[in-house]
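Here is the structure we will look at, set down as structure tokens.
Please read these numbers as outputs of a predicted model, since none were measured by experiment. No hydrogens, no waters, no symmetry mates; every other heavy atom, side chains included, goes into these values.
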Amino acid sequence: MAVPRIQSRPLVVVGAGAIARQIRSLIAGLAGDPYRILGYLDLPRPPRPSGCAPILGGDEVLAGTDAGYVIAVGKPLVRRQVDLSATRWGRQPVTLRHPDATLDDDVTLGAGTIAFPGARIQVDARLGRHVLVNANAVIGHDCDIHDHVVLSPLAMLGGGVVIEAAAFIGAGAVVLPRRVIGAGATVGAGAVVTADVPPRACVAGVPARDINAI
């Protein structure tokens, strides 16, 4: 007797740039074709990224679309705004994990969180809603990553780090164990964070310092 094919879940991608292309590639690599991309939501701005058609319209299209969604935007505050709107409209986010991402025991991934290839999330780490863990980023044991945080490629967090809501960690940045990155803060590419970072601060360098002091 033939095994019935499981119907793919319809999915809308909010954003149509490079992250959207990464998400398309991630979904293509999932076994069993669990998701079917209906289209992308973005502002009209030609030329369109290759492979990201059709553009269905702006974020407001989510209000009338009976599909799951993921956020393909690298700005934490935009991720938060999309999440708030989508929640108000009753839309359900989809959590995505690339097969080459490694999760240890007792890791929690919040709704809408995405782990790209090579991401490593160690034991007892907790990730909130719509966290973006880019390629080859490392989240140490017992880290607490709040909603809408963006970790760029090769970012590395030591054990017990707390990243508060809507913070951005740049490519190749290192945060030493048990440090706290405040809400809305930005850590520049290649920075080494040796002390807590206040909310909304922007730090860079080795060791990381507020850019206004550099």
Side-chain angles (χ1 to χ4, degrees), residues 15 17-23 25-26 70-80 82-83 95-104 106-211 214:
I19 296 175
R21 298 199 302 273
Q22 288 178 271
I23 289 172
S25 178
L26 187 164
V70 290
I71 303 175
V73 179
K75 295 181 178 180
L77 293 180
V78 176
R79 298 178 70 81
R80 181 172 67 184
V82 172
D83 182 16
T95 302
L96 295 174
R97 170 192 171 187
H98 191 277
D100 291 336
T102 302
L103 275 63
D104 288 349
D106 299 317
V107 167
T108 300
L109 298 184
T113 286
I114 302 170
F116 280 122
R120 174 69 189 273
I121 306 175
Q122 296 181 351
V123 63
D124 289 319
R126 300 170 299 279
L127 282 66
R129 292 175 61 88
H130 293 291
V131 175
L132 180 62
V133 187
N134 222 310
N136 299 307
V138 176
I139 297 175
H141 64 85
D142 300 294
C143 284
D144 188 5
I145 313 301
H146 295 191
D147 298 346
H148 314 121
V149 166
V150 172
L151 299 176
S152 299
L154 296 171
M156 299 186 66
L157 309 181
V161 166
V162 176
I163 310 290
E164 295 181 346
F168 179 91
I169 311 299
V174 176
V175 182
L176 296 189
R178 296 178 297 282
R179 301 309 188 261
V180 177
I181 308 298
T186 297
V187 176
V192 177
V193 177
T194 60
D196 293 350
V197 176
R200 295 177 296 281
C202 183
V203 301
V206 182
R209 294 185 294 167
D210 192 304
I211 61 171
I214 295 176

* Answer yes or no: are there more than 12 heavy-atom neighbours, outside Arg80 itself, under 6.0 Å from its atom CZ? => no

Distance, nearest 0.5 Å, that separates [atom1] of [X] from [atom2] of [Y]:
{"X": "Cys202", "Y": "Arg209", "atom1": "SG", "atom2": "CZ", "result": "13.5 Å"}
{"X": "Ile23", "Y": "His98", "atom1": "CD1", "atom2": "NE2", "result": "12.0 Å"}
{"X": "Arg97", "Y": "Thr113", "atom1": "CZ", "atom2": "OG1", "result": "13.0 Å"}

Min side-chain heavy-atom separation [X]-[Y] under 4.5 Å:
{"X": "Gln22", "Y": "Asn134", "result": "yes"}
{"X": "Leu109", "Y": "Ile121", "result": "yes"}
{"X": "Phe116", "Y": "Leu96", "result": "no"}
{"X": "Leu151", "Y": "Leu157", "result": "yes"}
{"X": "Leu26", "Y": "Ile114", "result": "yes"}

Return the minimal non-hydrogen interatomic distance between [X] and [Y], and the atom names on each side.
{"X": "Val150", "Y": "Pro76", "value": "CG2-CG, 3.9 Å"}
{"X": "Ser152", "Y": "Ala137", "value": "O-CB, 3.8 Å"}
{"X": "Ala20", "Y": "Gly15", "value": "CB-O, 3.5 Å"}
{"X": "Gln122", "Y": "Val107", "value": "O-CG2, 3.2 Å"}
{"X": "Leu176", "Y": "Val161", "value": "O-CG2, 3.3 Å"}
{"X": "Gly112", "Y": "Thr95", "value": "N-OG1, 3.1 Å"}

* **Under 3.5 Å: donor-acceptor pair, side chain of Asp147, backbone of Arg129** => yes

* Between Arg79 (side chain) and Leu77 (backbone), is there a donor-acceptor pair under 3.5 Å? -> no

* Evaluation steps, side chain to side chain contact (heavy atoms under 4.5 Å, CB included), between Leu132 and Ile19 -> CA-CA 10 Å; Leu132 180 62; Ile19 296 175; 3.9 Å; yes

Pairs under 3.5 angstrom only: tabulate donor-acceptor contacts from the side chains of residues 184-196 to other protein residues two or more places apart or in another chain.
unit_1, atom_1, unit_2, atom_2, d
Asp196, OD1, Val180, N, 3.0

* Structure fact -> Between Arg120 and the options Asn136, Thr102, Asp104, the side-chain hydrogen bond (donor to acceptor under 3.5 Å, both in side chains) test singles out Asp104

Side-chain polar contacts of residues 162-170 - donor-acceptor pairs under 3.5 angstrom, sequence neighbours left out - could you list them?
unit_1, atom_1, unit_2, atom_2, d
Glu164, OE1, Ala183, N, 3.1

